[in-house]
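Just below is one structure, and these are the notes that go with it.
Residue numbers count from 1 along this sequence. Just so it is clear, the structure is predicted and the values come from calculations on it, not from any experiment.
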Amino acid sequence: MNRSTPKRHRTLALFLLLALTSSLFAQSRKNTEALPKLLSVREQQTIREAWLKKRLDTMLLPMMRQQKIEMWIVVNEEFHPDPVTAHIAPPLPYQGRRDFFIFADRGGDKLDRIALVRYPEEHLKYFFEIVNPPGREIASTLRKLVEERNPKTIALNMGGTRGATTGLTQDAFKFLTDTLGPESASKFVSAAPLIVEYMDTRLPEELEHYRTAVALTDILTQRAFSNEVITPGKTTVGDVRWWFLQQINNAGLDTWFQPDLRIQRQNQETGKTQQFLSVAEESTVIQRGDVIHIDCGLNYMGLSTDWQKMGYVLRTGEKDAPAGLKNALANTNKLQDALFTHIKIGAKGFEVYDATMADMKAAGIEAMIYSHSVGTQGHALGASIDFRRPVAGAPAEPPFREWSYTSIELNTSTAVPEWGGQKVTMMMEDDAYLTKDGMKWFRPRQTSFYLIR
């Protein structure tokens, strides 16, 4: 007997396995479009500063007058930047102990724009009159600037219900109170309504750059849910998560939250955290027959994406997902369609929610909706359509605005015959924008599973 025969068989088996893996990888890449070309850091800065100029030159003054605000003071602190700063000043690192960006309405057709800063960075002068006193004179300089303008109201970033509207720290508030005195302090009002309108108002010029961000998110998601990344029975949830994060890093970008994966299996309870399916642990190995889900996003050009997609790991001999799972996915598409019919300019989120859920009840579809504004942040300020909101709508709930970006986040749960009637939840999230003709997707939505072979 030739004792080398088993070794040759093992070598041949290994060769065939590597060839199959290589073929699957090549096929995955072949079916996925190339990543979009991103702008250089310098190009990004130039474009974002052009957006800022348009906002400060044409938009902010009317918004302040609408909100009856004569002065707005944004305080930015070292190691604790206000979320608004990067959108009312050049998107730079600000490392002064405490910087002040002051907008004052003096009745003319232009705002007074003053940057009282520790370090007079060159790009600031394109947008502000720069005031750069010695550190010991900052308080007296600020007091003089306010007293000279004598505004009736002084808006501060406080009093809102979201982090982006409450950036003022207690220490900074005390400094302003002590520095400006009781008369000026009596004029303090919340800047929250102004911030919401300002941050939720998108420029037409931003749209194609956001589309690029969405395209990058989508393509990376499709690659993550393919044989390029997943080998059934071997690849873990953590492997997919860290692959996605590495790709974002390779592109020179970052993300605003860690991507989550969920797994649903036949005859196995997924578990819930609050009202949602629980996130799978990183050590979980992805197996054949799994329904997998990813929730991810990234930051580009000062804008954030939010994205959820579904995949299916084919069992041996399968060429497609079972019909029952495909029907479940189609129900979530029906929910998206219904939602789109009710989102109009000026509509309130609770109105859209009630109308859409009535449609789903009539169709016999078990649905959940938790859609929200997206753009400046992943969970941005603006209209939301959410089962956790008051049915009657909160008084401060903003309406849908033209060009507003919305993350259409929702799910349906459907009994799947092939799984013995077990309910399977199909969670989707796609970014869309509102026009006079209704909502439009930035990218074609998912209508079939991403298949892992």
Side-chain angles (χ1 to χ4, degrees), residues 45 48-49 52 55-56 60 64 69-104 111-147 149 151 153-182 184-196 198-199 254 256-257 299 302 304 376-381:
Q45 182 79 11
R48 290 182 65 182
E49 288 187 358
L52 177 62
R55 286 180 176 277
L56 298 185
L60 185 54
M64 287 177 62
I69 292 171
E70 291 193 4
M71 179 176 282
W72 182 23
I73 301 178
V74 177
V75 184
N76 198 74
E77 300 191 75
E78 186 179 19
F79 308 122
H80 191 84
D82 190 296
V84 171
T85 301
H87 305 281
I88 53 88
L92 306 164
Y94 293 97
Q95 298 303 326
R97 167 67 180 88
R98 182 176 285 134
D99 295 328
F100 303 87
F101 301 97
I102 304 164
F103 303 92
L111 272 173
D112 268 8
R113 305 197 303 243
I114 302 164
L116 175 56
V117 293
R118 179 68 179 86
Y119 302 106
E121 210 286 337
E122 178 182 354
H123 287 247
L124 280 173
K125 70 182 181 182
Y126 305 149
F127 305 93
F128 296 91
E129 172 191 344
I130 298 178
V131 180
N132 181 228
R136 63 183 177 275
E137 297 178 14
I138 288 177
S140 60
T141 302
L142 177 61
R143 184 166 53 251
K144 182 180 179 182
L145 288 170
V146 174
E147 288 176 350
R149 286 154 183 80
T153 54
I154 302 173
L156 304 176
N157 295 2
M158 62 183 190
T161 59
R162 303 283 303 282
T165 60
T166 59
L168 187 70
T169 66
Q170 182 179 10
D171 188 48
F173 179 80
K174 185 176 185 303
F175 177 87
L176 290 172
T177 302
D178 294 345
T179 297
L180 300 181
S184 290
S186 68
K187 301 175 182 179
F188 290 168
V189 297
S190 172
L194 172 63
I195 295 171
V196 171
Y198 183 83
M199 302 285 266
D254 62 3
W256 58 279
F257 74 107
N299 301 321
S304 301
T376 309
Q377 292 93 17
H379 291 165
L381 303 175

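- With sequence neighbours left out, A172 forms a side chain to side chain contact (heavy atoms under 4.5 Å, CB included) with V75, E77, R98, L168, T169.
- Here the CG-CZ distance, from N76 to R97, works out to 11.5 Å after rounding to the nearest 0.5 Å.
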Got a list of side-chain donor-acceptor pairs under 3.5 Å for residues 131-140, not counting sequence neighbours?
residue: N132; atom: ND2; partner: V117; partner atom: O; Å: 2.8
residue: N132; atom: ND2; partner: R118; partner atom: O; Å: 3.0
residue: S140; atom: OG; partner: E137; partner atom: O; Å: 3.1

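- When every heavy atom of S304 is checked against every heavy atom of G378, the shortest pair comes out as CB-N, 3.4 Å.
- Nearest approach of I130 to K125, heavy atoms of both residues: CD1-N, 3.6 Å.
- In terms of heavy-atom proximity, Q45 sits nearest to L92 at NE2-CD2, 3.4 Å.
- Atom CG of residue L52 and atom CZ of residue R48 lie 9.5 Å apart, to the nearest 0.5 angstrom.
- When side chains are defined from C-beta on, V74 does not count as touching F100, because their heavy atoms never get closer than 4.5 Å.
- Partners of Y126 under the ring-ring contact (aromatic ring centres under 6.0 Å, His included) rule, at least two apart in sequence or in another chain, are H123.
- Within the 3.5 Å criterion, the main-chain N or O of A185 finds no donor-acceptor partner in the side chain of T177.
- Contacts of F127 classified as ring-ring contact (aromatic ring centres under 6.0 Å, His included), with partners at least two apart in sequence or in another chain: none.
- Residues that satisfy the side chain to side chain contact (heavy atoms under 4.5 Å, CB included) test with P151, not counting sequence neighbours, are E70, M71, V146, R149, I154.
- Between the side chain of T166 and the backbone N or O of M158 there is no donor-acceptor pair closer than 3.5 Å.
- Counting only heavy atoms from C-beta outward, the side chains of L142 and L176 approach each other to under 4.5 Å.
- Listed by first and then second residue, the ring-ring contact (aromatic ring centres under 6.0 Å, His included) pairs that reach into residues 77-96 are Y94-F101, sequence neighbours excluded.
- Looking only at distances, no side-chain donor or acceptor of T85 sits under 3.5 Å from a matching main-chain atom of P81.
- Using modelled atom types, one finds a donor on one side chain and an acceptor on the other under 3.5 Å when comparing N157 with D82.
- A centroid separation of less than 6.0 Å is found between the aromatic rings of F128 and F103.
- Residues L124 and P90 come closest through the heavy atom pair CD2-CD, 3.8 Å.
- What you find for S190 and G160 is that their closest heavy atoms are OG-N, 4.2 Å.
- Remark: the backbone N or O of G181 is not paired with any side-chain donor or acceptor of R143 at under 3.5 angstrom.
- The shortest side-chain heavy-atom distance between W72 and I195 falls under the 4.5 Å cut-off.
- For the atom pair NZ (K144) and CG (L180), the distance works out to 15.0 Å, reported to the nearest 0.5 Å.
- Residues A191 and A155 share a closest heavy-atom pair of CB-CB, 3.7 Å.
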Quick one, T165 with L381, criterion side chain to side chain contact (heavy atoms under 4.5 Å, CB included). Give me CA distance, side-chain angles, the key distance, then yes/no. CA-CA 9 Å; T165 60; L381 303 175; 3.8 Å; yes

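- For the pair L56 and L111, the minimum side-chain heavy-atom distance is 4.5 Å or more.
- Considering only heavy atoms from C-beta on, D112 stays 4.5 Å or farther from I102 through its side chain.
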